[in-house]
Amino acid sequence: MRKDTQCRAFVERIILSRLFKIIMISTISMNAFLVVLGTDYETRYNLFRLWELAEIIFVAIYSAEFYMKLYVDPIDYWKDGYNLLDVSVIVILSIPYSLRKIKGKHYPYLHIADGLQSLRILKLITYSRGIRTLITAVGQTAYTVFSVLSLLFILMYIFAVLGFSLFGTTGQGDLSNWGNLAGAFFTLFSLATLDGWTDLQQQLDDQNFALSQAFTIIFILLANFVFLSMFVGVMIIHTEDSIKKFEQELRLERHMTVMEEKQVIVKRQQEEVSRLMQTQKNADYKSFGELVENFRKTLRHTDPMVLDDFGTSLPFIDVYLSTLDNQDTTIYKLQELYYEIVHTLGLMLEDLPQKKQSHSSDKVDKK
């Protein structure tokens, strides 16, 4: 059991607040913008001091975010993949500084570490539910996409061997494109993406290969119009499913927010009624109506009324409309009950003369 419960709850409220998210998104965006400016040598030279100071501030903010989240939940923090992504970004941030201290400023692979700094923009994923939804969709399609890509690889393997045998082994073959299996794979990839496929086909036509046109058309139909279209279709289907789930979660969150607001309003009303009842007991009012009437007499037209988060708020309007619906339903049921009572009374009144007549006839027979 942690003893710093209040402090932990305070830090958690800060992390979950909207202001904190806005600050982090603005910081990450500004950092990405400065990384872009750093790619221009003259701009980086003129703003070197500012750039170094900004880097220190960015690293401090990212580190503070990491320690705050780790303080709130030191165990479950490492179970979240997006938190691990943030940790990876912080590690990447420290690589250039470590290499400059250990290997010096002229280390030959230092530019690779500087290039990896562009990955810090991935921290935006943590604060964007839309991006996380798309990533979830991509993750759900991993198995299906892998199956489609495996079939495409098998198809390319078959046509690569076939193309090498048809166009790359003869003395007048197209050795630059079909001379070996690796070159044949690269050529087939160009055909599958329709990138310059007419030029590749023209080279085969210039060497008078009889089966080249049929070979190219069949492969393009299978690879591009079947497998690549299947790949895109799978991605679209899973993305739509993820978007629908995301929208359902948003609707559920809005519904829960409205319900919480309703509970707050109901609790407030109950407290007000309890307070008035207590006032009635303490002031020796004869009835609750007398208390309300006495309170009404104290009101003036100049009294201010607070409308914010009450009469003008969407939750209050929703509660008010729901109350009207329930009131209409109750009135309708009462009307039905009244009709049934009237109908029953009418039947009883119709039976009364018959009962009186039968009773009198019985008396006459007895006499």
Side-chain angles (χ1 to χ4, degrees), residues 7-74 76-139 193 195 235 239 242-243 246 250:
C7 182
R8 175 182 174 274
F10 175 73
V11 176
E12 186 177 7
R13 285 197 301 270
I14 293 176
I15 294 175
L16 298 177
S17 64
R18 184 177 180 85
L19 179 61
F20 182 81
K21 293 180 180 180
I22 293 174
I23 292 174
M24 291 305 304
I25 292 174
S26 302
T27 302
I28 297 168
S29 302
M30 183 62 67
N31 193 1
F33 178 72
L34 289 181
V35 170
V36 174
L37 290 180
T39 58
D40 183 67
Y41 177 78
E42 184 178 355
T43 303
R44 185 169 181 174
Y45 179 79
N46 295 330
L47 303 176
F48 178 76
R49 294 296 180 185
L50 177 62
W51 193 81
E52 289 290 331
L53 178 62
E55 281 293 306
I56 295 174
I57 294 174
F58 291 142
V59 173
I61 293 176
Y62 296 153
S63 301
E65 178 205 16
F66 166 71
Y67 288 118
M68 290 172 67
K69 290 183 177 180
L70 189 63
Y71 172 75
V72 170
D73 199 348
D76 292 338
Y77 177 84
W78 304 101
K79 298 179 182 180
D80 191 347
Y82 296 110
N83 291 334
L84 297 179
L85 178 63
D86 291 341
V87 174
S88 302
V89 171
I90 294 176
V91 172
I92 291 173
L93 285 173
S94 63
I95 292 177
Y97 300 98
S98 302
L99 290 179
R100 286 187 175 90
K101 292 293 184 181
I102 298 174
K103 299 293 184 179
K105 297 182 179 180
H106 302 288
Y107 185 64
Y109 299 106
L110 187 61
H111 62 281
I112 298 177
D114 291 333
L116 291 176
Q117 300 307 306
S118 60
L119 296 177
R120 64 183 66 182
I121 198 174
L122 293 178
K123 286 181 66 65
L124 282 175
I125 297 176
T126 307
Y127 297 97
S128 176
R129 295 185 62 179
I131 297 177
R132 295 202 302 269
T133 301
L134 294 178
I135 292 177
T136 303
V138 173
T193 57
D195 182 21
M235 293 295 296
T239 302
S242 299
I243 291 174
F246 175 67
L250 286 180

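Side-chain atoms are counted along with the backbone in the values below, which use heavy atoms only and exclude waters and symmetry mates. On a predicted model such as this, the values are computed, not experimentally measured, just so you know.
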Inter-residue atom distance [X].[atom1] - [Y].[atom2], 0.5 Å rounding:
| X | Y | atom1 | atom2 | answer |
| --- | --- | --- | --- | --- |
| Y97 | I56 | OH | CD1 | 7.0 Å |
| L50 | L34 | CG | CG | 7.0 Å |
| F20 | I14 | CZ | CD1 | 8.5 Å |
| R100 | L110 | CZ | CG | 4.5 Å |
| I57 | E52 | CD1 | CD | 12.0 Å |
| L122 | I125 | CG | CD1 | 5.0 Å |

* Is the closest basic N to carboxylate O distance between D73 and K79 below 4.0 Å? -> no

Residue pair [X] / [Y], side-chain heavy-atom distance below 4.5 Å:
| X | Y | answer |
| --- | --- | --- |
| I61 | E65 | no |
| T126 | K69 | yes |
| E55 | N31 | yes |
| I23 | T27 | yes |
| L84 | W78 | yes |

Is it the case that the side chain of [X] and the backbone of [Y] share a donor-acceptor pair, with hydrogens and angles ignored and the cut-off at 3.5 Å?
| X | Y | result |
| --- | --- | --- |
| S29 | S26 | no |
| S63 | V59 | yes |
| S118 | G115 | yes |
| N46 | E42 | yes |

Counting heavy atoms not belonging to [X], are there more than 12 under 6.0 Å from its [atom1]?
| X | atom1 | result |
| --- | --- | --- |
| L85 | CG | yes |
| M30 | CE | no |
| F33 | CZ | no |

Residue pair [X] / [Y]: nearest heavy atoms and the distance that separates them:
| X | Y | result |
| --- | --- | --- |
| Y71 | C7 | OH-SG, 3.4 Å |
| P96 | A113 | CG-O, 3.9 Å |
| I92 | L119 | CD1-CD1, 3.6 Å |
| V72 | I15 | CG2-CD1, 3.7 Å |

* To do: Could you give me the CA-CA distance, side-chain angles and deciding distance for I28 and Y62, then say whether side chain to side chain contact (heavy atoms under 4.5 Å, CB included) is met?
  => CA-CA 9 Å; I28 297 168; Y62 296 153; 3.8 Å; yes

* Structure fact -> In R13, R18, E12, the residue satisfying side chain to side chain contact (heavy atoms under 4.5 Å, CB included) with L16 is E12

* To do: Give a yes/no verdict on a cation-pi contact between R120 and F58, requiring under 6.0 Å between NZ or CZ and the six-membered ring centre and an angle within 45° of the axis.
  => no

* Near-ring test F66/Y77, centroid separation under 6.0 angstrom -> yes

